[in-house]
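These notes concern the structure reproduced below.
Whatever order the structure lists ligands and atoms in, that order sets their numbers, starting from 1. Treat the numbers as computed from the prediction; the structure is a model and nothing was measured. Computed over heavy atoms, backbone and side chain alike; hydrogens, waters and symmetry mates excluded.
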Amino acid sequence: MTRLLVIGPPGSGKGTQAVRIARAFQVPAISTGDIFRANVSEGTELGLQAKQYMDTGAYVPDELTNALVLDRLAQPDIAEGFLLDGFPRTVTQVGTLDAFLSARGLSLDTVIQLVVEHEEVVRRLLLRAAEQGRSDDTEDVIRHRLDVYEHQTEPLVALYAERGLLVPVDALGPVDSVAARIFVALGRDDTVAAV
Ligand code: AMP
């Protein structure tokens with residue numbers, strides 16, 4: 001069983017790498033951003049609520065996000081483990097995940113931190129905005145998202161480092177190189193060829 005988190009600023013390639021890591025470890029990748037976006041495009045009540053926050057680069061409130069994740073973690077496929085992409089992002093969310101795990105006698109194996117300079121992140125996100133037209137990828141919103149990340153999520157890096165779970169990986173460079181670095185850092189360099 002493998003229980004992993006991927007943490008990193010917006011534009012660090014979290015989503016892309018999360019899918020690869022999950023495939024290599026044969027666990028479901030759970031992306032809160034993807035779940036929110038799917039709800040927005042389906043026009044669900046949750047989507048309507050989440051959209052107003054996402055569009056400004058703010059975090060969706062913890063109560064909504066925690067409920068969404070707990071609901072997802074109640075699905076049977078997580079019996080084999082999971083990879084969480086983009087959750088937890090606040091200290092309160094860490095508490096929710098901790099409580100979920102400890103109630104089941106479970107723990108996390110590793111927290112993969114994607115390390116990238118913020119100016120590089122802005123550059124990448126502007127590029128993605130041009131390519132995909134995401135409504136939360138304008139420059140103002142990008143800067144706000146980074147600011148929110150610094151204040152609310154960066155403290156989690158120290159927290160998981162203290163717990164001895166943090167594995168920082170340089171996220172600069174081609175997707176394949178970053179993936180290879182991640183697998184080496186996880187002691188699974190043999191998996192690269194398989195993904
Ligand atoms: P992402 O695709 O992971 O960058 O997420 C896109 C947006 O979804 C974020 O900017 C937030 O508005 C929202 N979001 C995703 N995950 C979370 C979370 N764990 N807590 C609060 N908001 C989130």
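Looking at G86 next to ligand 1, an N or O pair under 3.5 Å apart turns up. Note: an N/O pair closer than 3.5 Å links T32 and ligand 1 by distance alone. Considering backbone and side-chain atoms together, R37 places an N or O closer than 3.5 Å to an N or O of ligand 1.
Summarising the geometry, atom CG belonging to L5 is positioned 8.0 Å from atom CG belonging to L165; distances are rounded to the nearest 0.5 Å. Note that the OH atom of Y53 and the OG1 atom of T65 stand 9.5 Å from one another [nearest 0.5 Å]. Interatomic distance, I7 CD1 to Q113 CD, rounded to the nearest 0.5 Å: 7.0 Å. Between the CG atom of L159 and the OG1 atom of T153 there is a distance of 11.5 Å, given to the nearest 0.5 Å. From D140, atom CG reaches atom NE2 of H144 across 10.5 Å, with rounding to the nearest 0.5 Å. Of the inter-residue distances, the one linking K51 atom NZ with R37 atom CZ reads 12.0 Å to the nearest 0.5 angstrom.
Given atom 20 (N) of ligand 1, the protein heavy atom at minimum distance is Q93 NE2, 2.9 Å. With hydrogens left out, the protein atom closest to atom 1 (P) of ligand 1 is R89 NH2, 3.5 Å, a heavy atom. Considering only non-hydrogen protein atoms, atom 5 (O) of ligand 1 sits nearest to G33 CA, 3.5 Å. Ranking protein heavy atoms by distance to atom 10 (O) of ligand 1, first place goes to R145 NE, 3.7 Å. The shortest contact between atom 23 (C) of ligand 1 and any protein heavy atom is with F36 CE1, 3.8 Å.
Under the 4.5 Å side-chain criterion, counting only non-hydrogen atoms from C-beta, V91 is not in contact with Q152.
By the 4.0 Å heavy-atom criterion, A58 is counted among the residues contacting ligand 1.
Close contacts between ligand 1 and T65 involve ligand atoms 18 (C), 19 (N), 20 (N), 21 (C) [criterion: under 4.0 Å to a heavy atom]. Atoms of ligand 1 lying under 4.0 Å from any heavy atom of K14, numbered from 1 in the order shown and given with element: 3 (O).
Residues T2 and D109 bring no donor and acceptor atom of their side chains to less than 3.5 Å of each other.
Within the cation-pi definition used here (under 6.0 Å to the ring centroid, within 45° of the axis), R188 qualifies as a partner of F25.
Of the heavy atoms in Y59, both backbone and side-chain atoms come closer than 4.0 Å to ligand 1. With a 4.0 Å heavy-atom cut-off, ligand 1 is reached by the backbone of V60 and by its side chain too.
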